[in-house]
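Read through the structure below, which is laid out as structure tokens, and then see the notes.
Index from 1, following the sequence. Treat the numbers as computed from the prediction; the structure is a model and nothing was measured.
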Amino acid sequence: MPRSARLLPVPAAVLLAAAFLPACDALLGQEVARLPINALSAPGKDQPQEVTVALKKGETVAVWSEMDMRYKGEQRLEFQLTVLQNGQPFQQLAFDPRDKNLSLKEIKADNNGDVSWSFTGKNTELTIPADGRYTFRGRLLAAPAHGPDIRKAELVLRR
């Protein structure tokens, strides 16, 4: 076998892969919390999820969505995220998870308007104004509400 085609022994390959894992955190940010929403909210059937984390002044928190869904035709989707700072209203965010400025592991199939789509995407960021405990409360809405089949809908907070 030519020298350029030589395979690494298994232990060496594992060590090499492990060396690159910290680089993922450096590029994407460290996950600090996850909101497993995974269901649509509708009038009379609110499905919010929330998590509280301690954050420091000046930290930037990136909001990512991890989605796996199917739908037919035009479909409006909106994550609504309420952020509380030490129990007091701080910020309201609303965004379509498909509107992302960075996408990973994206697979999309569109067969005459029958869409199957899964991805991890960075949607927005917010800067923390002061040290404190921040509560993130999120839900997912759709119009028409009966339209999408949501297999996974999670918000991931990274710093």
Side chain of R158, backbone of G29: donor and acceptor closer than 3.5 Å?
yes
Are the side chain of N111 and the backbone of D114 linked by a donor-acceptor contact shorter than 3.5 Å?
no
Test item: E154 side-chain N/O and I37 main-chain N/O as donor-acceptor pair under 3.5 Å:
no
Any idea which heavy atoms bring Q75 and A143 closest together, and the distance?
NE2-O, 3.1 Å
Do you know the tightest heavy-atom contact between L155 and S65?
CD2-CB, 4.3 Å
Restricting to non-hydrogen atoms, name the atom on P97 and the atom on N123 that form the minimum distance, rounded to 0.1 Å.
O-ND2, 3.1 Å
Name of the residue among R151, R98, K152 meeting side chain to side chain contact (heavy atoms under 4.5 Å, CB included) with M69
R98
How long is the gap from OG1 on T124 to NZ on K100, to the nearest 0.5 Å?
14.5 Å
Provide the full list of ring-ring contact (aromatic ring centres under 6.0 Å, His included) pairs with a residue in residues 33-63, sequence neighbours left out, each pair given once.
none
Are L141 and V63 linked, directly or through intermediate hydrophobic residues, by side-chain heavy-atom contacts shorter than 4.5 Å (ILVMFWY only)?
no
Between I150 and L140 the two heavy atoms that sit nearest each other are CD1-CD2, 4.1 Å
Tell me whether S41 contacts the main-chain N or O of Q47 through its side chain, where contact means a donor paired with an acceptor under 3.5 Å.
yes
Return yes if some donor-acceptor pair links the side-chain N/O of D68 with the main-chain N/O of S118 below 3.5 Å, else return no.
no
Does a sphere of radius 6.0 Å around CZ in R76 hold more than 12 heavy atoms from other residues, nucleotides or ligands, not counting ones at 6.0 Å or beyond?
no
Do we see a donor-acceptor contact under 3.5 Å between the side chains of E106 and W117?
yes
Nearest heavy-atom neighbours spanning V61 and F136:
CG1-CZ, 4.5 Å
On a heavy-atom basis, which atom in A142 and which in L40 lie closest, and how many Å separate them?
CB-CD2, 3.7 Å
Is the Lys NZ or Arg CZ of K108 less than 6.0 Å from the centre of F119's six-membered ring, within 45° of the axis?
no
Does any donor atom in the side chain of Q80 or R139 lie under 3.5 Å from an acceptor atom in the other side chain?
yes
Could you give the side-chain donor-acceptor pairs of residues 82-89 under 3.5 Å, partners two or more places apart or in another chain?
| unit_1 | atom_1 | unit_2 | atom_2 | d |
| --- | --- | --- | --- | --- |
| T82 | OG1 | Q92 | OE1 | 2.7 |
| Q85 | NE2 | Y134 | OH | 3.1 |
| N86 | OD1 | R133 | N | 2.9 |

Approximate separation, where rounding is to 0.5 Å, of L55 CG and I128 CD1
4.5 Å
Donor-acceptor contact present, side-chain E59 to main-chain K56, <3.5 Å:
yes
Cation-aromatic face contact R137/F79, 6.0 Å, 45 degrees
no
Run the side-chain contact (heavy atoms from CB on, under 4.5 Å) test on T135 and V51 for me, step by step, so that the C-alpha distance in whole Å, both residues' side-chain angles and the decisive distance to 0.1 Å come before the verdict.
CA-CA 6 Å; T135 300; V51 65; over 6 Å; no
So does E66 pair up with K105, basic N to acidic O under 4.0 Å?
no
Quick check on D110: does its CG atom have over 12 non-hydrogen neighbours (other residues, nucleotides or ligands) under 6.0 Å away?
yes
